[in-house]
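Read through the structure below, which is laid out as structure tokens, and then see the notes.
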Amino acid sequence: MYKKLLGFSLLFVVLFGMQSVEAASPSYKTVQSTPLKASTQKGAKTLMTVKTNTKVALLSKTNSWAHVQIGKTKGYLSMRSVMPLETPIASYDRNEVMSYKGTDIVSISGISYKIDPALKPFFQKNGTALKSILVVPKTKDRTLIGWKQLSFFPLGQPASSLVIDKAAASRIDSLYIPWNPMSPNFTLTTAGPLRQVVANAHAHDPAIDGEVQKLTLNGQIEQLHTAGEVQIAGKGTIERWDISKDTEYSYEIPVRYTGEVGFLNIRNTDVVVRGTSTLKVRTVAAPTKTHVLGGKNGVIGSIKPSKTIRGKKMGKAELAIDKMFSNVNEASVTATLDTLNIPYTTARVGDYVTALRQNEAAGPSKRLVNSATDLKDIVRLVDAVMTTKQTTPAYVHTSDSQLKIQTFHDHVDNASYYNQYTRAVTAMVADGTLQSIRFKRPLIEKKEWYISQEKDQTFVYDFPVGSIRLVTIDGNTTRSLVMETKAVERPNYPESRIELVSINDKPLSAYQKEPPAFEAKVIESGYRTYVAIRSSDKEWLRNTHFFSVDVNANYRDGGPVSMDKINLGGWKSSETIIFEMHGAKRLNNFNVRSFGYKDAVYK
């Protein structure tokens, strides 16, 4: 619950300085060489042949024809030959709070404005929803005449719907609908075309506990922008739908929409749009062929991002994989691999099943599997994990009754530390059997277990017995380490305890060296605060990965090594590392963690 409220609070703060969208209606361009006709009648005169990528001014349109102007010439183009261009995104310094109490007056940041008569029906219809929200208003002579941006983010009781009449729709340049944990389901109904709708649901972090934004869109929308996990339903027309590339985790967008998307532009390699027979997509741009799926009646996207083509139905491979995931077992996986002529090792079919089952349920850590190439890569990576034999250095840290083990350690800055999902693989193999595998893992992979240490023994909880290999594959680099455990019987207890015997043939004590002496100081740089530490022990500095410090009696700050460049005040950079501190100005109980060493405390 804390994470939900924190996300809600952060979203509130971000909205005051968030990006929004320009007012201009989208212009169009041709996607292929096409004739400009004098009318929509059969056999109409061809006025000219319009080349691909020619910008045109849209005067009006029907389902089949676009009435356009090119220079001084007006004519008709097939709607299949044109697509809307993306409306440029502009930044606003801040949003203002708009409050409405059911009268002819609205308060904007504490100043009263009359409501333009054309907007009164909109306010009367949505009085509760418009009680207190964020806006970038358009005003004239102390009268509210519209909005550059209407951020539908209620500051009071959350509303779940908004109804927009034609007059109000023409006065809204951009409607922003953020995810609201208090009301994740939102219905938007518009009687007139809306220039733009923006929905940034979980743009940077995956949905919490499966709480996905569900957005129902009824009516005509010229441009829809989404970032993150969202479900789309409703009925109408979406002229252009852009899916942001900024989201870094894998997700699927279920679309239960009855109507047409004129141009679907998928920029994210980790997104799949899955539609139904009621969804029609005129043109698609996507990183690969399998970013838009929809069963036998769905569409499947383009060859590469720079090429726009019409959608088509799922093929043999996509249908076979879709069927396999309905019941993943050895028989279904074997049949699918045989059908798609994918080479595999018969003895490892059980491991492929483990990988595919875990991948399907792995949420943001999963690898999207929608094509024969995707499935072939899963098989290749499982084979690589199961056949690796080399052992690389182990990065081990024990603290607060926890054991953390990594196959590698790199210094990363504060921004990268929260960049959670990358395209590498991490797996655990116990005595030759695949126990777990993730196809996307944090930038710094962490394996943590609770432990207890008694004399010369270390006991691990929730851990298998035997020879345990941890494997990471990062591009062309494979790393692995081996942990040996054994069962220790306990008199009068039904279950044995698991003792950690060694990590890469070394006891845990080998990774608990005494830390060296070090110096620390607080440095103010611009609007940020850092703590710098220096030591002549470069190995200890190189293995340092985290700090913590008491801010007050109730809060402890902490974080990774920072790569920011600051003035060290005479200290050599080769002997110094820094941390960024967000809430502390003093070194109260300052603690430094380094792989292979006990925690170092500054006194």
Tell me if a side-chain donor or acceptor on [X] pairs with a main-chain N or O of [Y] at a distance below 3.5 Å.
| X | Y | value |
| --- | --- | --- |
| Ser326 | Lys323 | yes |
| Thr30 | Asn53 | yes |
| Ser250 | Lys366 | yes |
| Arg240 | Pro84 | yes |
| Gln358 | Ile437 | yes |
| Arg171 | Ile145 | yes |
| Asn359 | Arg367 | yes |
| Asp374 | Ser371 | yes |
| Glu330 | Ser332 | no |

Taking all heavy atoms of [X] and all of [Y], pick out the closest pair and write down the distance.
| X | Y | value |
| --- | --- | --- |
| Tyr257 | Ile238 | OH-CG1, 3.6 Å |
| Ile243 | Tyr251 | CG2-OH, 3.8 Å |
| Ile473 | Gly475 | CG2-O, 3.7 Å |
| Tyr352 | Val333 | CB-CG1, 4.3 Å |
| Thr46 | Pro35 | CG2-CB, 3.9 Å |
| Ala169 | Gly192 | CB-O, 3.7 Å |

Taking the side chain as everything from C-beta on, heavy atoms only, tell me whether [X] gets closer than 4.5 Å to [Y].
| X | Y | value |
| --- | --- | --- |
| Ser33 | Thr52 | yes |
| Phe122 | Leu130 | yes |
| Asp104 | Lys120 | yes |
| Leu47 | Lys37 | no |
| Leu150 | Leu175 | yes |
| Trp147 | Leu119 | yes |
| Glu86 | Gln223 | yes |
| Ser161 | Thr189 | no |

Checklist entry - Should we count CG of Asp141 as having more than 12 external heavy atoms under 6.0 Å? => result no
Checklist entry - Can you name the residues that form a side-chain hydrogen bond (donor to acceptor under 3.5 Å, both in side chains) with Thr226, not counting sequence neighbours? => result Trp241
Next on the checklist: Taking side-chain hydrogen bond (donor to acceptor under 3.5 Å, both in side chains) as the definition, give me every residue that meets it alongside Glu252, ordered by chain and number, with sequence neighbours left out.
Outcome noted: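 Listed in chain order: Arg274.
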Would you say the side chains of [X] and [Y] form a donor-acceptor pair under 3.5 Å?
| X | Y | value |
| --- | --- | --- |
| Thr34 | Gln32 | no |
| Asp351 | Thr354 | no |
| Asn268 | Thr247 | no |
| Lys131 | Ser99 | no |

Checklist entry - Which word best sums up how the rings of Phe123 and Tyr100 line up, parallel for under 30°, tilted for 30 to 60°, or perpendicular for over 60°? => result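 Geometry flag for Tyr100 against Phe123: tilted rings.
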Supply the atom-to-atom distance [X] [atom1] to [Y] [atom2], rounded to the nearest 0.5 angstrom.
| X | Y | atom1 | atom2 | result |
| --- | --- | --- | --- | --- |
| Thr336 | Leu375 | OG1 | CG | 7.0 Å |
| Ser39 | Trp65 | OG | CH2 | 8.0 Å |
| Leu77 | His67 | CG | NE2 | 10.0 Å |
| Asn341 | Lys376 | CG | NZ | 10.0 Å |
| Leu217 | Lys235 | CG | NZ | 14.5 Å |
| Ile105 | Tyr113 | CD1 | OH | 12.0 Å |

Would you call [X] and [Y] a salt bridge, using N to O less than 4.0 angstrom?
| X | Y | result |
| --- | --- | --- |
| Arg380 | Asp383 | no |
| Asp173 | Arg195 | yes |
| Lys61 | Glu260 | no |

Item to check | side chain to side chain contact (heavy atoms under 4.5 Å, CB included) partner of Asn218, chosen from Thr187, Thr190, Leu188 | outcome: Thr187
Item to check | side chain to side chain contact (heavy atoms under 4.5 Å, CB included) evaluation trace for Lys55 with Leu85 | outcome: CA-CA 9 Å; Lys55 291 184 179 180; Leu85 298 175; 3.8 Å; yes
Next on the checklist: Before you tell me yes or no, could you show the steps for Leu144 and Asp116 under side chain to side chain contact (heavy atoms under 4.5 Å, CB included), namely the whole-Å CA-CA distance, both residues' side-chain angles and the distance that decides it to 0.1 Å?
Outcome noted: CA-CA 6 Å; Leu144 175 67; Asp116 187 279; over 6 Å; no
Next on the checklist: Assess the residue pair Thr278 and Arg256 against the criterion (side chain to side chain contact (heavy atoms under 4.5 Å, CB included)); give the C-alpha distance rounded to whole Å, side-chain angles, the decisive distance to 0.1 Å, and a yes or no.
Outcome noted: CA-CA 7 Å; Thr278 61; Arg256 302 292 180 265; over 6 Å; no
Checklist entry - Would Tyr28 and Glu239 count as a side chain to side chain contact (heavy atoms under 4.5 Å, CB included) if you check the C-alpha gap in whole Å, the side-chain angles of each, and the deciding distance to 0.1 Å? => result CA-CA 10 Å; Tyr28 280 65; Glu239 289 297 322; 3.0 Å; yes
